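Encoded as structure tokens, the structure appears first; notes follow it.
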Amino acid sequence: MPVKTVKGTRDIFYPDIEKWRFFEEMARGVLKTYNFKEIITPIFEYTEVFARGIGEDTDIVHKEMYTFKDRKGRSITLRPENTASVVRAYLEHKMYAEGGVKRLFYIGPMFRYERPQKGRYRQFFQLGVEVFGSKSPYVDAETIELVINILEKSGLKGLSVKLNSLGCEKCRPVYRENLKKFLESVKDNLCEDCKRRVDTNPLRVLDCKVPSCKETVKNAPNIQQSLCEECKEHQDRVFHYLETMGVKYEVDPNLVRGLDYYTRTVFEVVSENLGSQNAILGGGRYDNLVKELGGPDTPAFGWALGIDRLVLLLDDNAFDFSNKTIYVIPAGDSIDYCFKVAKSLRESNLPAEVISDSKSLKKALNFVNRQNGRYVIIAGESEAEKGIVVFKDLDKRTQKEIGFEKLSEELKDEIDK
RNA sequence: GUGAGCGUAGCUCAAUCGGAUAGAGCACCAGACUGUGGCUCUGGGGGUUGGGGGUUCAAUUCCCCUCGCUCACCCCA
């Protein structure tokens, strides 16, 4: 095997691609009904966009980016996520000047240099949304409801929605210090990783899976009880709207997200049917990012969904993979006639394939069988002379003659759509 | 970056304690069968056993290195 895909990347093709397209088209439809507009940003940006947008201290920026120098020596990075790029675009095109609320969605590949495993790839695909210009908790709730809607239309089971608030620039630092003090006092009971995190990312300790850490952290100060009045009020209203909208959720005070920019609402949807990479989407509010990147003070909310992981969960049985192609088979020197027939079918929006390379009718029929094909049209010399075709339904084991002119009309009754 | 498991034909897998020309099923190609299908029968093409090195009279088998895949850790979608 001379050349292979790069580690952590893969080819996606039939039949899996059918599931991708189903999801993508369904999601686009839903997004349209919430008045989201698509944005396509470049898959690479100046490294600075991500370094500043995601946060220098995050793992993503630290060790997971595909960064290289272009021919002029500028540092370029393949996007590890898309929020930073969308914010950059929002600012570059001064979209804030329109006033009001801006709703954008994107869909496309992201790149992270990580060790691949189930549900985790170096090139993976995300569908995401960003809402700019609203600090209303209604936006938090509705944007979450939007993605729950998409998930429900995907037919997924065994999902749970986890919700938390990380506070704002006023209450978070206070909480962070209190937590740090607490963790220092119980440091001996923590795992090695967590001992390190006490300084680098104390909130992350709350989410550690090591049993001893879980136990230790049970008595840690709870962010839910440390929220300031405004944050508390915001969260209560998010809860209220979610309940009105019929979205079921659970509050998880230990939910922290890996990106620096989140404020207040954070959420995550996990599946019990994936491996250890069980988060299929995550997101939250980021009220300071736009300002930090040099824009006007603009509150924002967004989420990103892992399409690879979602497709992994889609039930094969929910898809019709049956072969609806009408195979057009020549007999004798009738390939010209076959094309006429196929053309006619295609004009009527019926999928047709001419079998031009088969040495015999028998072999052609054999081929169709192996393709799990059902419909065959024999368009041989004698049919061409009479201006008819022979239509066969291989499942029903029936065949009949149809006049060329009546082809699409008659087939509409025969073909199972 | 760390750890574990696995790499044999296109696919799924065999190959005894280290032993002969590495086999089978499915798939593919051809014929029986020159205009009517899934069956059957016959024949055929396919492999540097992931790669490199070592031990041995002899390596798919044992050892080392390396690459790849998978899962887990870290982290995340």
Side-chain angles (χ1 to χ4, degrees), chain A residues 1-10 54 57-65 79-83 107-128 147 191-194 196-197 200-201 204 207-210 255-259 266-271 274-283 302-313 327 329-334 355 357-384 390-399:
Chain A
M1 189 106 72
V3 189
K4 287 174 50 97
T5 51
V6 172
K7 187 188 186 89
T9 68
R10 62 207 178 117
I54 301 168
D57 294 331
T58 59
D59 274 23
I60 291 179
V61 173
H62 222 216
K63 54 182 195 189
E64 294 173 7
M65 295 202 307
R79 61 185 187 190
E81 56 106 59
N82 211 23
T83 297
I107 186 160
M110 309 294 158
F111 306 85
R112 289 184 203 171
Y113 192 94
E114 297 181 275
R115 196 84 151 238
Q117 69 188 73
K118 186 181 172 78
R120 188 168 71 187
Y121 309 97
R122 289 184 171 182
Q123 173 177 277
F124 60 101
F125 291 77
Q126 286 188 331
L127 164 70
V147 74
C191 70
E192 287 308 310
D193 286 327
C194 283
R196 182 172 42 80
R197 288 181 186 129
T200 57
N201 189 358
R204 183 64 185 70
D207 205 27
C208 185
K209 287 163 193 123
V210 177
L255 175 65
V256 294
R257 313 232 68 251
L259 286 64
V266 291
F267 79 108
E268 191 168 276
V269 175
V270 298
S271 165
L274 280 167
S276 70
Q277 305 305 315
N278 63 353
I280 83 169
L281 75 99
W303 49 252
L305 176 154
I307 299 177
D308 307 73
R309 288 180 186 179
L310 187 135
V311 168
L312 223 45
L313 292 169
Y327 292 90
I329 307 176
D333 182 18
S334 68
I355 300 181
D357 293 278
S358 186
K359 291 193 183 115
S360 72
L361 181 54
K362 186 184 176 75
K363 284 191 200 305
L365 288 168
N366 235 313
F367 171 77
V368 175
N369 271 318
R370 288 199 311 271
Q371 301 296 307
N372 290 312
R374 177 170 176 185
Y375 305 113
V376 163
I377 280 178
I378 300 170
E381 284 177 14
S382 60
E383 285 80 8
V390 172
F391 172 79
K392 289 175 72 70
D393 182 326
L394 297 187
D395 283 5
K396 289 189 188 158
R397 303 187 78 91
T398 58
Q399 72 175 51

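Order of the sequence lines sets the chain letters (A, B, ...), proteins ahead of strands, with each chain counted from 1. Predicted model only: the values in this text are computed from it and were never measured.
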Side chain of A:Lys4 (C-beta onward), nearest among B:rC75, B:rG38, B:rG68: B:rG68

Touch class at under 4.0 angstrom, heavy-atom based, for A:Ala331 against every strand present: base

For B:rG5, the Watson-Crick or wobble counterpart (both distances under 3.5 Å): B:rC69

C1' atoms of B:rA22 and B:rU61, separation to the nearest Å: 12 Å

Nearest to side-chain heavy atoms of A:Arg115, which nucleotide of B:rA77, B:rU2, B:rC39: B:rU2

Nearest-nucleotide 5' precedence on RNA chain B, A:Arg120 against A:Ala304: A:Arg120

Atom C1', compared across B:rC17 and B:rU21: separation rounded to whole Å: 22 Å

Selected nucleotide, minimal atom distance to A:Gln277 side chain, candidates B:rG68, B:rC73, B:rG35: B:rC73

Sugar-phosphate, base or nothing in reach of A:Glu81, heavy atoms under 4.0 Å: nothing

Any N/O donor-acceptor pair, A:Gln371 side-chain to B:rG37 base, under 3.5 Å: no

Euclidean distance, atom CE of residue A:Met65 to atom C1' of B:rA77 [Å, nearest integer]: 17 Å

Nearest-nucleotide pick for A:Lys7, side chain only, options being B:rC69, B:rG35, B:rG37: B:rC69

Under 3.5 Å on both distances, the Watson-Crick or G-U partner of B:rC17: none

Phosphate-side-chain proximity, A:Lys363 and B:rU34, N/O vs OP1/OP2 below 4.0 Å: no

Aromatic plane relationship, A:Tyr375 with A:Phe391 - under 30° parallel, 30 to 60° tilted, over 60° perpendicular: parallel

Spatial distance of atom CD1 (A:Ile107) from atom CG (A:Leu305) [nearest 0.5 Å]: 9.0 Å

Euclidean distance for P, B:rG38 against B:rG51 (whole angstrom): 40 Å

Distance-only donor-acceptor test (3.5 Å): side chain A:Arg397, base B:rG38: yes

Touch class at under 4.0 angstrom, heavy-atom based, for A:Leu394 against every strand present: base

Expected output: side-chain A:Arg10 to main-chain A:Gln123 donor-acceptor under 3.5 Å: no

Whether A:Arg120 side chain and A:Arg115 backbone form a donor-acceptor pair below 3.5 Å: yes

Same-atom distance (P) from B:rG37 to B:rU49, integer angstrom: 43 Å

Integer-rounded Å distance: B:rA27 P and A:Asn369 CG: 12 Å

Sugar-phosphate, base or nothing in reach of A:Tyr121, heavy atoms under 4.0 Å: base

Any strand: nucleotide that pairs with B:rA58 via Watson-Crick or wobble, under 3.5 Å: none

Length of the line joining A:Lys362:NZ and B:rG31:C1', which is rounded to integer Å: 12 Å

Length of the line joining A:Leu127:CG and B:rC76:P, which is rounded to integer Å: 20 Å

A:Leu281 vs A:Phe267, side chain to side chain contact (heavy atoms under 4.5 Å, CB included): CA-CA, chis, key distance, verdict: CA-CA 8 Å; A:Leu281 75 99; A:Phe267 79 108; 3.4 Å; yes

Atom pair distance, as rounded to whole Å: CZ in A:Phe391 and P in B:rG37: 17 Å

Among A:Lys63, A:Arg122, A:Glu64, the one residue meeting side chain to side chain contact (heavy atoms under 4.5 Å, CB included) with A:Glu114: A:Glu64

For atom CG of A:Asn278 and atom P of B:rC75, their distance in whole Å: 14 Å

Whole-angstrom distance between B:rU40 and B:rG45, as gauged at atom P: 22 Å

Side-chain donor or acceptor of A:Asp308 paired with backbone N/O of A:Gly119 under 3.5 Å: no

Integer-rounded Å distance: B:rC69 P and A:Gln117 CD: 14 Å

Selected nucleotide, minimal atom distance to A:Ala279 side chain, candidates B:rG1, B:rC76, B:rG37: B:rC76

Atom C1', compared across B:rC28 and B:rC63: separation rounded to whole Å: 39 Å

Neighbour count above 12 (heavy atom, 6.0 Å) for A:Tyr113 OH: no

hbond_proxy A:Arg309 side chain to B:rC76 base (donor-acceptor, 3.5 Å cutoff): yes

Base of B:rA77 paired with side chain of A:Glu114 (donor-acceptor, under 3.5 Å): yes

Residue A:Arg112, side-chain heavy atoms: nucleotide from B:rC74, B:rC39, B:rA77 that is nearest: B:rA77

Side-chain donor or acceptor of A:Glu81 paired with backbone N/O of A:Thr83 under 3.5 Å: yes

base_contact_polar (B:rU70 base, A:Lys118 side chain, donor-acceptor, <3.5 Å): no

Contact nearer the 5' end of RNA chain B, comparing A:Asn366 with A:Gly119: A:Asn366

B:rC62 to B:rA14 separation - P atoms, rounded to the nearest Å: 15 Å

Pairing nucleotide - B:rC41, Watson-Crick or G-U, each distance under 3.5 Å: B:rG31

Polar side-chain contact A:Ser382-B:rG35 base: donor and acceptor under 3.5 Å: yes

Minimum-distance nucleotide (side-chain atoms of A:Glu64 versus B:rG68, B:rC73, B:rC75): B:rC75

Rounded distance (Å) that lies between atom P of B:rU70 and atom CG of A:Leu312: 12 Å

Sugar-phosphate, base or nothing in reach of A:Gln123, heavy atoms under 4.0 Å: nothing

Closest nucleotide among B:rG35, B:rG37, B:rC74 to the A:Lys63 side chain: B:rC74

Atom P, compared across B:rG47 and B:rG10: separation rounded to whole Å: 7 Å

